Amino acid sequence: MRINSLAEYLAQVDTLNHHAHRYYVLDDPEISDAEYDQAYQALLQYETEFPESIVPNSPTQRVADQPLSHFESVAHALPMLSLGNVFSEDELMAFDARVQKGLSVHEQINYAAEPKLDGLAVSIRYEKGLLVQAATRGDGQKGENITANVKTMATVPLKLTAKQVPDVLEVRGEVVMLRKGFHEYNAWAEKNGEKVFANPRNAAAGSLRQLDPRKTAQRPLSFFAYSVGEVSTSFQLKKHSDVMSQLREFGFQINHLNQVVQGVSGCMAFYQKVGHLRAALDFDIDGVVYKVDDLSQQETLGFVTKAPRWATAHKFPAEEATTVIEAIDVQVGRTGSITPVARLKAVTVGGVSITNATLHNEDEIRRKDVRVGDTVFVRRAGDVIPEVVKVVLSKRPEDSETFEMPSQCPVCDSQLFKAEGEAVLRCLNGLNCDAQRKESIKHFSSRKGMDIDGLGDKLVEQLVDAGLIKTPADLYHLKEAQVSGLERMAQKSAQNLLNGIEQSKQNTLPRFIYSLGIREVGEATALTLANAFKGMEALIKADEAALVALPDVGEVVAARILHYFKQENNLQVIQALLDAGITWPEIEAPVESELTLSGKTVVLTGKLSQMTRSEAKNALQALGAKVTGSVSAKTDLLVAGENAGSKLAKAQDLGVEVVDEQWLVDQSKLLR
Ligand code: IVH
């Protein structure tokens with residue numbers, strides 16, 4: 001590919017910007033990464049030959065090549081305000097009553113409801129459609145000039161994509177680091193001895209305040225627009241939600257959860273909905289925001305000191321709190337991994353009382369230098385295990401000592417080891433270690449595993465401690481008299497347990513494989529293995545080539561599986577389980593034809609809110625689908641998330657069946 005004229009060059013700039021927008025903002029690419037790279041190289045080539053032709057919105061102009069010595073201060077044309085807060089329905093009703101009073105109306109107000117993104121507010125100024133300046137919020141009146149850094153963000157258009165653009169437009173919004181990118185970045189930073197961030201917000205802040213834009217460019221930052229600052233008179237719209245749609249047209253990313261709702265009840269429903277989705281979102285939020293949608297009503301309501309009367313934030317309960325570490329214990333996991341756990345003075349975080357927080361591993365303890373007696377910040381995000389974020393050093397007791405990990409397993413006393421390149425210390429005593437024995441049996445009987453009714457974690461511990469079971473297979477030889485002899489175990493519950501164990505014999509092969517607890521073999525992989533090998537014998541005999549040939553089985557997973565079946569004691573337990581009478585309906589060939597999407601070609605498009613793209617892809621494959629990138633006459637089904645664009649239009653043109661994300665979620669549940 002070669003660019004031969006200025007006209008071709010300008011067209012190529014537009015084409016590349018279009019594809020970058022499809023990729024980063026709409027999450028719906030039309031060309032492959034390789035095709036993009038090739039076109040980008042051609043552009044670069046032309047610009048090297050004709051540097052005088054370079055236009056400011058060329059994608060090559062995103063990264064300046066010189067670090068700054070400092071950030072300049074810039075005054076905001078209009079102040080960047082903050083928001084009032086409400087924490088309960090009552091407070092929300094009071095807010096709504098003030099709005100109605102201010103407008104002299106007694107009717108339901110329309111509110112634009114949006115998630116409250118937990119990042120950094122930024123104002124980006126466009127003149128005649130071109131990005132000229134970007135600034136942090138600062139104190140609301142003056143901020144720092146971070147233009148070079150903001151230009152590196154692919155979700156920020158360098159030029160507004162419209163024929164008619166206002167002379168001046170300041171777009172305001174939040175810069176966040178997506179969770180996935182945050183974890184990837186931290187993993188990379190840890191390996192390369194760079195600063196590791198405590199949370200995505202700090203990471204976004206640190207990245208934006210980088211004096212070297214080349215570094216910012218490498219950080220996975222994302223910009224969501226949520227309001228405007230100074231605008232020229234040509235930008236006249238009636239509603240906030242229309243402003244958002246217009247910004248979307250200009251090429252900005254608008255949050256897919258944004259929605260116009262009616263009155264307090266609409267706001268509350270939105271708050272609940274977003275609260276439920278919170279843990280699954282790919283960005284952190286700390287609440288939701290309600291804004292009176294009608295702009296003339298906003299104008300009537302005006303401002304109080306620093307915040308508008310027409311908007312408020314409805315905060316989620318805090319997710320961080322401080323407390324004191326009373327002790328540090330180490331726990332032994334199912335696979336022998338040793339995890340240090342902080343025992344905390346009880347504290348309420350995000351509405352839940354917590355007394356334990358994970359310290360992950362030895363390296364983490366070293367890095368954060370966590371000690372018994374320390375006052376620490378603990379954080380709980382959604383469903384994840386609470387963790388210790390950092391130590392408040394000023395409150396450290398004088399006599400505190402650094403924490404040393406044990407060299408022996410706290411349960412079976414055997415020597416602990418750390419594999420090369422791993423951060424985790426392990427007990428290698430396998431099922432001879434009572435802790436691993438208990439965890440393996442809990443995993444075996446868990447809901448996703450053999451699903452044994454009446455066998456909870458406590459009972460497993462009692463049974464192991466009493467010496468009644470050593471392996472999962474022993475469960476199937478328990479006698480009622482043995483079980484009812486246990487503490488707090490009446491005859492009735494003993495009988496219930498035995499019934500539950502008996503019933504679990506009629507099971508399914510995927511569950512059986514999952515329940516063995518092979519490292520790295522979760523539900524999805526267990527299903528893949530069951531479908532591929534159709535029985536234990538073939539699975540046990542499978543070699544590396546046969547394993548890696550399967551979707552989502554890589555070399556690491558294959559190695560774990562091979563290792564597991566090499567251990568003689570594992571084979572003995574499997575045999576004992578089969579001898580005890582565990583069976584499953586035979587998996588007929590080809591079992592795939594029974595799956596909802598067997599043989600179907602499926603395309604995924606738009607934004608998903610309940611799962612990531614790769615989870616959706618895995619789910620589709622587990623349902624038997626072949627997942628492809630573009631819609632054609634061969635496509636059988638399109639799964640369309642929010643803001644689906646050209647693929648949806650094309651599917652509708654071709655009469656391809658279209659379903660939404662919820663459909664996929666429901667279908668995946670049926671598989672379990
Ligand atoms: S609107 C005049 N909308 O919250 C209204 N702010 O406490 C100005 N924020 O500094 C803000 N998500 O950093 C608005 N959807 C959203 C938001 C949002 C997050 C942040 C923003 C602002 C702070 C105000």
Side-chain angles (χ1 to χ4, degrees), residues 76-87 91-92 95 98-99 102 111-124 134-144 146 150 155-156 170-178 199-205 207-209 221-231 239-241 243-245 247-248 252-261 267 270-271 273-275 277-278 281-295 297-316 318-319:
H76 296 299
L78 285 178
M80 288 184 79
L81 302 167
S82 61
L83 289 169
N85 283 325
V86 300
F87 286 92
E91 289 179 14
L92 173 61
F95 163 79
R98 287 195 299 276
V99 167
Y111 289 105
E114 304 173 351
K116 186 166 190 300
L117 304 164
D118 199 5
L120 255 86
V122 165
S123 183
I124 311 175
T136 59
R137 176 166 181 274
D139 63 5
Q141 305 292 334
K142 277 205 218 102
E144 286 179 321
I146 50 162
V150 167
T155 41
V156 172
E170 272 181 20
V171 177
R172 291 174 174 182
E174 201 86 347
V175 171
V176 299
M177 189 178 281
L178 299 182
N199 55 46
R201 203 195 105 82
N202 291 0
S207 304
L208 269 189
R209 296 201 71 264
L221 297 173
S222 197
F223 177 76
F224 288 93
Y226 56 59
S227 74
V228 291
E230 191 191 348
V231 292
K239 291 180 185 153
H240 173 79
S241 49
V243 173
M244 292 300 106
S245 307
L247 294 185
R248 179 177 280 141
F252 291 93
Q253 178 171 233
I254 305 298
N255 199 279
H256 67 285
L257 295 170
N258 288 9
Q259 190 184 334
V260 176
V261 300
C267 291
F270 182 79
Y271 177 80
K273 177 180 115 176
V274 175
L277 290 175
R278 185 182 188 186
L281 296 175
D282 47 4
F283 43 86
D284 279 1
I285 59 176
D286 54 355
V288 297
V289 181
Y290 312 122
K291 304 171 180 172
V292 170
D293 194 33
D294 185 313
L295 295 180
Q297 290 186 332
Q298 285 193 2
E299 204 172 339
T300 309
L301 288 161
F303 304 88
V304 280
T305 51
K306 283 191 176 150
R309 278 203 191 85
W310 43 262
T312 193
H314 190 174
K315 293 290 213 53
F316 292 132
E319 290 202 303

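Side chains included, hydrogens not; waters and symmetry mates left out as well; all remaining heavy atoms used. If you're wondering where the values come from, they're calculated on a predicted model, not measured in any experiment. In each ligand, atom 1 is the first atom listed, and ligand 1 is the first ligand listed.
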Between H76 (side chain) and T136 (backbone), is there a donor-acceptor pair under 3.5 Å? yes

Report the part of K291 in contact with ligand 1, treating N, CA, C, O as backbone and CB onward as side chain, heavy atoms under 4.0 Å; options are side chain, backbone, both, neither. side chain

CG on L92 to OG1 on T312, rounded to 0.5 Å: 8.0 Å

Where on K116 is there a heavy atom closer than 4.0 Å to ligand 1, on the side chain, on the backbone, on both, or on neither? both

Give the atoms of ligand 1, by number and element, whose distance to some non-hydrogen atom of P308 is under 4.0 Å. 2 (C)

Check this for me - ligand 1, L117, N or O atoms closer than 3.5 angstrom, yes or no? yes

Quick check: does any side chain N or O of Y111 sit under 3.5 Å from a backbone N or O of A311, one acting as donor and the other as acceptor? no

The protein heavy atom nearest to atom 8 (C) of ligand 1 is L81 O, 4.0 Å

Do the side chain of D293 and the main chain of S241 share a donor and acceptor less than 3.5 angstrom apart? yes

With a 3.5 Å distance limit and no angle check, can you tell me whether Q253 reaches the backbone of F223 through a side-chain donor-acceptor pair? yes

Just to confirm my output: which protein heavy-atom neighbour is closest to atom 15 (N) of ligand 1, and how far is it? E114 OE1, 2.8 Å

Side chain, backbone, both or neither: R172 near ligand 1, heavy atoms under 4.0 Å: neither

Specify side chain, backbone, both or neither for L83, according to which of its non-hydrogen atoms lie closer than 4.0 Å to ligand 1. both

Considering distance alone, does some N or O of P115 sit under 3.5 Å from an N or O of ligand 1? yes

Pull out every atom of ligand 1 sitting under 4.0 Å from any heavy atom of R137, numbered as shown with elements. 10 (O)

Shortest heavy-atom approach to atom 11 (C) of ligand 1 - which of W310, Y290, F303, Y226: Y226

Atom 20 (C) of ligand 1 has as its nearest protein heavy atom E174 OE1, 3.6 Å

Please identify which of these residues, E114, E174, R172, meets the side-chain hydrogen bond (donor to acceptor under 3.5 Å, both in side chains) condition with Y226. E174

On the 0 to 90° scale, with breaks at 30° and 60°, tag the F270-Y290 ring pair as parallel, tilted or perpendicular. perpendicular

Verify the ring-centre separation between F283 and F224: is it less than 6.0 angstrom? yes

